[in-house]
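Residues take their numbers from the sequence shown, with the count starting at 1.
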Amino acid sequence: RLIKGCPSDTASIGYQVIAALLEQQSQLEMEIRLQDGSGEDQYLWLMVRFPEHAQDYKAVILSISDITSRKRVELSLAEREGFWSQVIRTVPDHLFVQDVQSQRMIFSNHHLGHTLGYDKAELAQMGENFWELLLHPDDAARYNQQRQLHREKGYTELMQHQLRVLHKDGSWRRFDVREQALARDKHDQVTRIIGVAKDVTDQIEASESLRDSEKRYRMLAESISDVIFSTDSLLALNYVIPVGAIGVESRAVESVFYAVLMFSPILCAGLLFGSAIKRSTSVSRDYGTNLLGAMVGGVGEYLSLVTGF
């Protein structure tokens, strides 16, 4: 009945029993999955002992053990391991684990050589430590020196480097590398380190391009003979040609010129107020209004200093 009622695939109980009999095995052990009355999976471990003589096959010893709890723990651990494995593989940065003594890469979520455009044949020709051959000579010496220093200190601090690595197209890719201790032996000596390498080439090039562009525009502005300045929304100067951009032999004359330039808004405001007060029909009222405005403005200025706005 066990053989006739089972499925016809190779994982079925009947198929396994027949295969064991044909191979003249003395014992068969296998794991099966059934569903209980509530529809939940139930895992059983079957062990069958076959007799030595054919006339004894009328009765065999069958042992059945319920391993559902253990199997659920195993499945949970496998699922968790698969989840974290997928997370690590999905991280765009290079995560690696390296043996300290042999300098061999034990684990890497991405192959650095493939990222740099090299194929398997080229990497095999360079050897297992290909990344050392691809390091910029200046960075390699500094990197090895810092590693030796951290090794002597017992890797008690986070190690951070910026390394240039040669791409297959001949360009240098910049990597920000951070390393720290992962495992120690019984003598508290570091045996493995874990590190993250992030390609920051594009960010560095963009930052350098922005600085060069700003430098060019500043040089262009300072080479113009006209006075260039800018103000914020409250008409406060936030840029003016620096002192020395306009060449004057006398330092005193140069200082007076820039002082006048800085306080010219106040001078213009005073001239405008003097011109407007001459046409006033009520001088006391306009003076009072002006004084009130100055007091309110002063209080607002000091409040902004206190509140930070």
> Is it true that Val190 and Met159 fall in one hydrophobic cluster, defined by side-chain heavy atoms closer than 4.5 Å?
yes
> A quick test of your reading: do over 12 heavy atoms of other residues, nucleotides or ligands sit less than 6.0 Å from CD of Gln86?
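Counting neighbours around CD of Gln86, 12 or fewer heavy atoms of other residues, nucleotides or ligands fall under 6.0 Å, so no.
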> Which Ile, Leu, Val, Met, Phe, Trp or Tyr residues join Val91 in one cluster when any pair of side-chain heavy atoms under 4.5 Å counts as a link?
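In the cluster with Val91 there is nothing else; it is isolated.
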> How does the hydrophobic cluster around Trp131 look, that is, which other residues are in it when side-chain heavy atoms under 4.5 Å mark a link?
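Grouped by the 4.5 Å side-chain rule, Phe96, Met105, Leu112, Leu116, Tyr118, Leu123, Met126, Phe130, Leu133, Leu134, Leu135, Tyr143, Leu163, Val165, Leu166, Trp172, Phe175, Val177 form the rest of the cluster around Trp131.
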> Could you tell me the separation between the CD atom of Gln98 and the CG atom of Asn129, rounded to the nearest 0.5 Å?
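Separation between the atoms: 7.5 Å.
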> Rounded to the nearest 0.5 Å, what separates atom CD in Gln180 from atom CD1 in Ile193?
10.0 Å
> Do you reckon Met30 sits in the same ILVMFWY cluster as Ile64, going by side-chain contacts under 4.5 Å, direct or chained?
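Same cluster.
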> Return the CZ to OH distance between Arg33 and Tyr43, rounded to the nearest 0.5 Å.
5.0 Å
> To the nearest 0.5 Å, tell me how far Leu182 CG sits from Thr191 OG1.
7.5 Å
> Could you measure the distance from the CD atom of Glu128 to the OG atom of Ser102? Nearest 0.5 Å is fine.
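The distance works out to 7.5 Å.
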> Please name all residues satisfying side chain to side chain donor-acceptor pair (under 3.5 Å) with His114, sequence neighbours left out, ordered by chain then number.
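Counting only residues at least two positions away or on another chain, His114 forms no side chain to side chain donor-acceptor pair (under 3.5 Å).
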> Answer yes if Ile106 and Tyr155 sit in the same cluster of Ile, Leu, Val, Met, Phe, Trp and Tyr residues linked by side chain heavy atoms under 4.5 Å apart, and no otherwise.
no
> Answer yes or no: is there a donor N or O on one side and an acceptor on the other, between the side chain of Thr289 and the main chain of Arg285, under 3.5 Å?
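Yes: the side chain of Thr289 pairs with the backbone of Arg285.
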> Can you tell me how far the CD1 atom of Ile204 sits from the CZ atom of Arg173, to the nearest 0.5 Å?
10.0 Å
> Identify each donor-acceptor pair in which a side-chain atom of residues 72-83 lies under 3.5 Å from a protein atom, sequence neighbours left out, and give them as a table.
none

> Run the numbers on His167 and Asp169 for side chain to side chain donor-acceptor pair (under 3.5 Å), then give the verdict.
CA-CA 5 Å; His167 195 276; Asp169 60 9; 3.1 Å; yes
> With sequence neighbours excluded, what pairs up with Glu122 under the salt bridge (charged side-chain N to carboxylate O under 4.0 Å, His left out) test?
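Result, salt bridge (charged side-chain N to carboxylate O under 4.0 Å, His left out) vs Glu122: Lys168.
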> Which residues pass the side chain to side chain donor-acceptor pair (under 3.5 Å) test with Gln42, not counting sequence neighbours?
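Gln42 satisfies side chain to side chain donor-acceptor pair (under 3.5 Å) with Asp66 only.
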> Applying the side chain to side chain donor-acceptor pair (under 3.5 Å) criterion to Gln25, which one of Glu23, Gln27, Glu29 satisfies it?
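For Gln25, the side chain to side chain donor-acceptor pair (under 3.5 Å) check succeeds only for Glu23.
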> What pairs of residues pass the salt bridge (Lys or Arg N to Asp or Glu O under 4.0 Å) test when at least one of them lies in residues 90-102, not counting sequence neighbours?
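Salt bridge (Lys or Arg N to Asp or Glu O under 4.0 Å) check on residues 90-102 returns Asp93-Lys198.
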> Do Phe107 and Ile194 sit in one hydrophobic cluster, given that two such residues count as connected whenever their side-chain heavy atoms are within less than 4.5 Å of each other, even indirectly?
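Yes, Phe107 connects to Ile194 through the hydrophobic network.
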> I would like to know whether Arg178 and Asp176 meet salt bridge (Lys or Arg N to Asp or Glu O under 4.0 Å); could you show each step before the answer?
CA-CA 7 Å; Arg178 300 184 181 185; Asp176 182 69; 3.5 Å; yes
> Going by side-chain heavy atoms closer than 4.5 Å, which hydrophobic residues are tied to Leu291, directly or by a chain of links?
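Besides Leu291, the cluster holds Met295.
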> If a pair satisfies salt bridge (Lys or Arg N to Asp or Glu O under 4.0 Å) and one of its residues is in residues 136-162, list it, with sequence neighbours excluded.
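Sorted result for residues 136-162: Asp139-Arg142, Asp139-Arg164, Arg147-Glu179.
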> Could you tell me whether Gln125 atom CD has more than 12 heavy atoms of other residues or ligands within 6.0 Å of it?
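For Gln125, atom CD is not crowded (no more than 12 foreign heavy atoms under 6.0 Å).
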> Taking the hydrophobic residues Ile, Leu, Val, Met, Phe, Trp and Tyr, and joining any pair whose side-chain heavy atoms are under 4.5 Å apart, which ones share a cluster with Leu292?
Val296
> Check step by step if side chain to side chain donor-acceptor pair (under 3.5 Å) holds for Arg211 and Ser207.
CA-CA 6 Å; Arg211 285 198 301 267; Ser207 178; 3.0 Å; yes
> What residues form a salt bridge (charged side-chain N to carboxylate O under 4.0 Å, His left out) with Arg184, not counting sequence neighbours?
Asp188
> Could you pull out all residues at least two apart from Gln145 that satisfy side chain to side chain contact (heavy atoms under 4.5 Å, CB included)?
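None.
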> Please check if Val97 and Ile88 belong to a single hydrophobic cluster, counting links between Ile, Leu, Val, Met, Phe, Trp and Tyr side chain heavy atoms closer than 4.5 Å.
yes
